[in-house]
Student: 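Questions regarding the structure given below will be posed in turn.
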Amino acid sequence: MKEEQMTREAADDKMINDAFEHLLQTYSASRHKQKVDLITKAFNFARQAHKGVRRLSGEPYIMHPIAVAQIACEEVGLGSVSICAALLHDVVEDTDYTTEDIENIFGPKVAQIVDGLTKISGGIFGDKASAQAENFKKLLLTMSDDIRVILIKICDRLHNMRTLESQPANKQYKIAGETLYIYAPLANRLGLNRVKTELEDLSFKYEHPEEYASIRNKLASTQESRHELFDKFTQPIRDALDKMGLPYEIKERVKSPYSIWNKMQNKHVTFDEIYDILAVRIIFTPQKREDEINECFNIYVAISKIYKSHPDRLRDWLNHPKANGYQALHVTLMSKQGRWIEVQIRSDRMDEIAEQGFAAHWKYKEGEIGEITEDEGELNEWLHTIKEILDDPQPNAIDFLDAIKLNLFASEIFVFTPKGEIKTMPAGCTALDFAFSIHTFLGSHCIGAKVNHKLVPLSHKLQSGDQVEVLISKSQHVQPGWISFVSTAKAKAKIQAALRRQGKVIQKEGEQALADFLKTHGVEMTPTTAEQLAAFHDMPRVEDFYQALGEKSIILGDKDIDELNGKKKKASVGKGWRKFVPFLAIKSKEEKEEEPELFVVPEKFNRKKPIFITDNNIRQYRFVSCCHPIPGDDILGFIDGKNQIEIHKRDCPVAAKLKSSYGNRILDAKWDMHKRLFFDATLQMQGIDRIGLLNEVTQVVSRQMNVNIHTVNITCEEGIFNGTFELRVHDRDDVKVIIDNLKKINDIKEVKQIN
């Protein structure tokens, strides 16, 4: 036994030393100032601090900090300070060492970053990580002091995603969900394109393993034909570039599995119907750095002589880089095979920034290698917006996440002030968003705007190149309706803050009205009482209930006292469970529907084991209306405030927020159904109208498939057939077979499921 232990320790030591040696080799090959001694010191310190501790996968814990440091160095391009901080990032949280100890040994810079990472408490896999939104707030607060905090945090998350296999399924859904909801958009915003793509793909792999495997297999099986298309398409381009005399390389870029799946979901198309899986990237080295933009356009002119370019798909990110620093020229060309292919033209510097984002910027600033620069205008402006939102944070963590997310994935437009200054805004923003982006006072008192010297309302959507002048009046105040048309995080946050200030007065009045009412009926005013009545009036939050009472849109009466005393009226029983159950069993007329007992999660419930939904117990769970899951869908369970279990699709937008904010309440859920119950599924189809088409459609559905058509809605305009069919099916397989058979009917051009 002792020999086995010694052999294992020797194997561990070799694995640890090899991993650290690889890190040093990667660092030595980088452009950063060489501080190998400092990194070695940090490694030895962390190794000693984590001695004897193992991860769930069984490997020594120190392998995790080494892996995070490797990602920070190799994939994000960070220097010695960041590598040291990555090696030490769990020391303060998991051992007896303090931030002061780190500062005394490694200096204030390393200590500040480690302290920032430690403040994001709870550990990725710990139970404390349930309120991930709260941790995210701390993350944003600390990153505003040093952007390296969030860059290392993203490296940490990437390694955790790469080693997610050792976690139970419910943790996998939680971690994958918050990665997709928070960390991938953040990586995108910071220009870490490669990291963002991998985070998305890994999240997709754990949330939808079958779809992920299917797309990977299809990409592998079509690889040869893609290579052939790439070679034929690029050969004339290579000839043209050789004549120009610039050093260059042409890369084949293949769409990631997650983005393919996303497009399949959003566009309701199959893998074979996606035509932009292949793109081409031209990366060149300019003779002079100042000529790189001109060289991009020279290459564009040269390849436009070979292939016809799409007039509406030229994207110039050269003169106006994206907010995350991305620069390139995108052009879409028609290949000789009749396929549109996007070509991205960029210099080697632009390519590095496209992959490593802000981390690559300071590499090109002489005298500042290895240090973060302070003049990244767009980044600092974004951080300033984040700080403003944090100064007046949302009371609800999910609202807060929503506010931040608005600006994470937004594509950008360029808008001019009356003085001709350029301002980057998210696409789809309004004149009111623009007003708030300049100053809160302007937004709060805005009455309209002049866009290109024409008067427009507050809700007017801005286009790239617009010149905008904000019009204000001191008598104007924030209106509740504004929240429905603004799209930026800053505007939403400021409007909500102003409305909350106004609403607090009304809420106080509502709270007092409830207290007076209960006192009259001899009932004690407690938080539980208020929550019970709020739920009775279908109000998700007590604050909303108080607001409604203050506005007198709810008037309290005898029914409320009956509710508190438990005297529920019989009339409400029959419908109570029906709204949570989107399925029906075949029943005889003699059978009566009884209110089912919803399952209540006991205190010592094992949350690591999956729950199985069967024909017999399905009514014990709540099926909320946000995503309409049916057997065959990838699902999860969520333990709500009443300890009952809601069932959601794993890709449901509501579930995404729940995974990010209440991760410890997520359960793995699986179907165990045997085609005894029927579920609603709505199909939408479009085609060329002709005599007998509807008859063929109903023949396929009713006779061939023996499926009951519940409702039908048909319109025919100018020879185009549009039909919506609500069917009763057993599971997702039924839907797939029906769609495949409907697509075989002549003149049916498109069939998709809409719920």
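Residues take their numbers from the sequence shown, with the count starting at 1.
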Student: Decide side chain to side chain contact (heavy atoms under 4.5 Å, CB included) for Leu683 and Val735; before the verdict, give the C-alpha distance in whole Å, the side-chain angles of both, and the deciding distance to 0.1 Å.
Tutor: CA-CA 9 Å; Leu683 298 186; Val735 177; 4.0 Å; yes
Student: Kindly determine whether Ile611 and Phe599 satisfy side chain to side chain contact (heavy atoms under 4.5 Å, CB included), including the steps that lead there.
Tutor: CA-CA 11 Å; Ile611 55 169; Phe599 175 70; 5.9 Å; no
Student: Whether the side chain of Tyr206 engages the backbone of Glu165 through a donor-acceptor N/O pair (distance < 3.5 Å, no angle test) should be reported.
Tutor: yes
Student: Between Asn643 and Glu603 (side chain of the first, backbone of the second, donor and acceptor by atom type, cut-off under 3.5 Å), is there such a pair?
Tutor: no
Student: Assess whether atom CG of Asp96 is packed by more than 12 heavy atoms of other residues, nucleotides or ligands within 6.0 Å.
Tutor: no
Student: Report the distance from atom CG of Leu556 to atom CG of Leu514, rounding to the nearest 0.5 Å.
Tutor: 6.0 Å
Student: Search all heavy atoms of Gly116 against all heavy atoms of Val149 and return the closest pair with its distance.
Tutor: C-CG1, 4.0 Å
Student: With Tyr173, which of Glu207, Gln167, Arg650, Glu178 fulfils side chain to side chain donor-acceptor pair (under 3.5 Å)?
Tutor: Arg650
Student: Can you measure from CG (Leu636) to CD (Glu646) and round to the nearest 0.5 angstrom?
Tutor: 10.0 Å
Student: Does Asn160 reach the side chain of His64, with side-chain heavy atoms less than 4.5 Å apart?
Tutor: yes
Student: Kindly indicate whether the side chain of Ile630, heavy atoms from C-beta on, has any atom under 4.5 Å from the side chain of Asp731.
Tutor: no
Student: Is a side-chain N or O of His521 found less than 3.5 angstrom from the main chain of Phe517, in a donor-acceptor match?
Tutor: yes
Student: Could you measure the distance from the CD atom of Glu511 to the CE atom of Met525? Nearest 0.5 Å is fine.
Tutor: 5.0 Å
Student: What's the spacing between Asp640 CG and Leu658 CG if we round to 0.5 Å?
Tutor: 10.0 Å
Student: If you take all heavy atoms of Arg607 and Arg665, which pair is closest and at what distance?
Tutor: NH1-CA, 3.9 Å
Student: Whether Asp672 and Lys670 form a salt bridge (side-chain N of Lys/Arg under 4.0 Å from carboxylate O of Asp/Glu) is what I want to check.
Tutor: no
Student: Do Thr163 and Arg55 have side-chain N/O donor and acceptor atoms under 3.5 Å apart?
Tutor: yes
Student: Stepwise, does the side chain to side chain donor-acceptor pair (under 3.5 Å) test hold for His628 with Asp633?
Tutor: CA-CA 10 Å; His628 197 78; Asp633 288 330; over 6 Å; no
Student: Which pair of heavy atoms, one from Gln479 and one from Ile495, lies closest together, and at what distance?
Tutor: O-CG2, 4.3 Å
Student: Hey, is CG on Asn266 packed in by over 12 heavy atoms from elsewhere, all under 6.0 Å?
Tutor: yes
Student: Run the salt-bridge test on Asp156 and Lys153 with the 4.0 Å N-O cut-off and return the result as yes or no.
Tutor: yes
Student: If you look only at pairs with a residue in residues 208-217, which of them pass as a side chain to side chain donor-acceptor pair (under 3.5 Å), with sequence neighbours excluded?
Tutor: His208-Asp634, Tyr212-Arg216
Student: Identify the two heavy atoms, one from Lys263 and one from Val269, that lie closest to each other, and give their separation to 0.1 Å.
Tutor: O-CG2, 4.0 Å
Student: Do the non-hydrogen side-chain atoms of Glu198 and Met161 ever get within less than 4.5 Å of each other?
Tutor: no
Student: Using 0.5 Å steps for rounding, measure from the CD1 atom of Ile613 to the CG atom of Asp615.
Tutor: 11.0 Å
Student: Any side-chain heavy atom of Leu202 within less than 4.5 Å of one from Thr179?
Tutor: no
Student: Under a 4.0 Å threshold between the charged nitrogen and the carboxylate oxygen, would Asp740 count as salt-bridged to Lys736?
Tutor: yes
Student: Distance-only, no hydrogens or angles: does the Lys196 side chain make a donor-acceptor pair with backbone N or O of Pro185 under 3.5 Å?
Tutor: no
Student: Check step by step if side chain to side chain contact (heavy atoms under 4.5 Å, CB included) holds for Val53 and Asp94.
Tutor: CA-CA 10 Å; Val53 182; Asp94 295 345; over 6 Å; no
Student: Using a 6.0 Å cut-off, check whether atom NZ of Lys675 has over 12 heavy atoms from anything other than its own residue.
Tutor: yes
Student: Might you point out which heavy atoms bring Ala669 and Gly637 nearest each other, and give the distance in Å?
Tutor: CB-N, 3.9 Å
Student: Are side-chain heavy atoms of Ile618 and Met673 found at a separation under 4.5 Å?
Tutor: yes
Student: Compare all side-chain heavy atoms of Leu499 with those of Val478 and state whether any distance is below 4.5 angstrom.
Tutor: yes
Student: Between Asp734 (side chain only) and His730 (backbone N and O only), is there a donor and an acceptor less than 3.5 Å apart?
Tutor: yes
Student: Is there a side chain to side chain contact (heavy atoms under 4.5 Å, CB included) between Arg157 and Ile175? Walk through the geometry before answering.
Tutor: CA-CA 9 Å; Arg157 175 50 61 118; Ile175 294 160; 3.6 Å; yes
Student: Over all heavy atoms of both residues, which pair between Ala655 and His648 is shortest? Give the atoms and the distance, please.
Tutor: CB-CB, 3.9 Å
Student: Could you give the distance from CD (Glu200) to NZ (Lys205), rounded to the nearest 0.5 Å?
Tutor: 15.5 Å
Student: Is the shortest heavy-atom distance from the side chain of Lys174 to the side chain of Asn170 under 4.5 Å?
Tutor: no
Student: Given side chains that start at C-beta, do those of Ile215 and Phe204 come closer than 4.5 Å, heavy atoms only?
Tutor: yes
